[in-house]
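Accompanying notes for the structure given below.
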There are 2 protein chains.
Amino acid sequence: MHTETTTSTDEQLRLAKDDFITQWGVIGNAWGISRTMAQIHALLMVSPEALSTDQIMEELQISRGNAHSNLRELVSWGVVKSVIKKGERKEFFASEKDVWKMFCTITRERKRREIDPALNVLIDCVQTTSEMDGPAVKEFHEQLVELCEFVQLASNVMDKVATAEESKALPLALNWLKSRKLTKVPEED
Amino acid sequence: MHTETTTSTDEQLRLAKDDFITQWGVIGNAWGISRTMAQIHALLMVSPEALSTDQIMEELQISRGNAHSNLRELVSWGVVKSVIKKGERKEFFASEKDVWKMFCTITRERKRREIDPALNVLIDCVQTTSEMDGPAVKEFHEQLVELCEFVQLASNVMDKVATAEESKALPLALNWLKSRKLTKVPEED
DNA sequence: TATAATTTTCAATAAATACTGAAAATATTA
DNA sequence: TAATATTTTCAGTATTTATTGAAAATTATA
């Protein structure tokens with residue numbers, strides 16, 4: 001029996017997944033999502049099985065508190081669901097895997113958390129300034145109305161996306177874009 | 001001469017602008033933009049004139065270094081432009097005021113900074129896994145391809161938006177959405 | 001050229017955010 | 001019920017990000 005010189009398929013797969021998880025963490029970080037949260041999400045996206053908190057802690061080498069709070073956050077965003085396995089006492093977690101469903105879910109949440117509050121603030125500002133006069137006020141008011149209408153439109157668009165029940169609806173709706181080859185974009189220096 | 005009991009129009013306007021600037025800072029913060037950067041942006045959006053670094057420092061009560069680096073950042077995003085006033089030695093700054101142009105500019109930058117790097121990472125992962133075999137690998141590979149195609153589409157959409165030369169093009173293109181009344185969305189509790 | 005105005009840098013510090021690990025609370029089984 | 005498994009909380013700590021303010025570098029004027 002001689003020493004294995006090639007990496008086994010399982011090992012290769014594990015390494016590729018680890019790489020993806022790490023990279024997704026970096027991406028998430030660049031997008032303003034905490035590295036750990038992005039990593040948990042990535043791990044669950046590429047896990048055929050739902051995972052327990054302990055498995056996630058083990059895999060990503062993070063503490064229980066960290067795993068716990070990030071899992072709750074992912075669940076609150078709707079991209080991860082808690083799964084009960086029969087015969088098992090603990091909670092398991094599984095990610096939504098359909099990219100379009102994920103997109104719709106995140107859009108709905110972002111609208112609720114980020115767009116609606118901004119809209120409310122802007123509407124308040126618009127109303128305050130509509131009761132004042134003078135040319136300078138008018139200019140300011142106009143600017144606010146433009147901003148407001150923009151955010152309103154964003155809000156409407158996001159509503160449409162969020163309620164695109166069938167995950168297949170959007171890809172089709174966006175068919176006006178020809179697909180391109182899978183070619184890397186030149187990197188920054 | 002009796003004491004003024006009502007606030008002057010100028011004072012009212014100043015207060016309304018201050019309020020907007022503060023609120024925009026809060027919104028920006030919720031969107032992952034630093035409070036100060038959002039405030040500078042807001043200030044410039046509602047200033048009829050371009051402002052100097054000193055005026056911005058004074059207005060927002062921030063340090064020179066802070067004002068400086070955030071202004072550079074805003075300029076690098078393309079939403080603020082440096083303006084040279086004749087007879088004046090210092091640099092002045094003015095914000096783009098057309099909301100749609102702003103949107104196109106930000107979209108272009110986000111694509112370049114956030115989408116393209118992610119796409120490159122995903123393409124690498126897809127390629128790595130395409131050279132491996134086994135059913136588990138195939139499942140992983142499929143998931144990566146879906147993600148990749150999604151990001152690719154996002155990239156294409158953003159390209160279209162970014163190059164929508166005329167700022168009027170997009171509002172028209174998005175006409176499929178009926179406008180709604182300016183009504184506040186119910187707040188969270 | 002020297003002088004003054006202005007911009008840029010950056011070490012030090014403050015503030016915000018993320019993470020740990022263990023204790024407390026809760027839920028499950030015997 | 002008690003014993004055990006599991007989840008949740010949270011004070012303390014580490015890490016990251018934002019800000020200050022003054023010195024250095026740059027640019028413009030006399």
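So that the names make sense, note that chain A is the first sequence line, chain B the second, and so on, each numbered from 1. Treat the numbers as computed from the prediction; the structure is a model and nothing was measured.
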**Prompt:** Step by step, would you call Val99(B) with Val151(A) a side-chain contact (heavy atoms from CB on, under 4.5 Å)?
**Reply:** CA-CA 10 Å; Val99(B) 183; Val151(A) 177; over 6 Å; no

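- Rounded to a whole Å, the CZ atom of Arg35(B) is 13 Å from the C1' atom of dT19(D).
- With sequence neighbours excluded, no residue satisfies ring pair (Phe, Tyr, Trp, His ring centres under 6.0 Å) with Phe93(B).
- Shown here are the side-chain hydrogen bond (donor to acceptor under 3.5 Å, both in side chains) partners of Ser52(A), two or more places apart in sequence or in another chain: Gln55(A).
- Put simply, OG1 on Thr129(A) and CD on Glu139(A) are 12.5 Å apart, with the number rounded to the nearest 0.5 Å.
- For residues 82-91 of chain B, the side chain to side chain donor-acceptor pair (under 3.5 Å) pairs, not counting sequence neighbours, are Arg72(B)-Glu91(B), Ser82(B)-Glu91(B).
- Counting to the nearest Å, the P atom of dT17(D) and the CD1 atom of Ile62(B) are 20 Å from each other.
- Qualifying salt bridge (Lys or Arg N to Asp or Glu O under 4.0 Å) partners for Glu114(B), counting only residues two or more places apart in sequence or in other chains: Arg110(B).
- When heavy atoms are screened at a 4.0 angstrom cut-off, Thr36(A) is found touching the sugar-phosphate backbone but no base atom.
- For the pair Gln61(A) CD and dC19(C) P, the interatomic distance rounds to 14 Å; values are reported in whole Å.
- The list of side chain to side chain donor-acceptor pair (under 3.5 Å) pairs with a residue in residues 15-29 of chain B, not counting sequence neighbours, reads Arg14(B)-Asp18(B).
- Applying the salt bridge (Lys or Arg N to Asp or Glu O under 4.0 Å) test to pairs two or more places apart or on separate chains, those with a residue in residues 52-65 of chain A are Asp54(A)-Arg64(A).
- Residues Ser63(B) and Asn66(A) both approach DNA chain D. Their nearest nucleotides, taken by heavy-atom distance, put Asn66(A) toward the 5′ side.
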**Complete:** Protein-proximity profile, nucleotides 3-8 of chain D, B/S/- by nucleotide at the 4.0 Å heavy-atom cutoff, equals -BSSBB

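- DNA chain C lies under 4.0 Å from no heavy atom of any residue of residues 26-33 of chain B.
- Near DNA chain C, meaning a heavy atom under 4.0 Å away, there are no residues from residues 38-50 of chain A.
- We find that CD of Glu73(B) is positioned 19 Å from P of dT7(C), with the value rounded to whole Å.
- For residues 116-127 of chain A, the pairs satisfying salt bridge (Lys or Arg N to Asp or Glu O under 4.0 Å) are Lys111(A)-Asp116(A), Asp124(A)-Lys184(B), with sequence neighbours left out.
- In the hydrophobic clustering, where aliphatic and aromatic side chains (Ile, Leu, Val, Met, Phe, Trp, Tyr) are joined below 4.5 Å either directly or transitively, Val83(B) groups with Phe92(B).
- For Glu142(A), the side-chain contact (heavy atoms from CB on, under 4.5 Å) criterion is met by no residue, not counting sequence neighbours.
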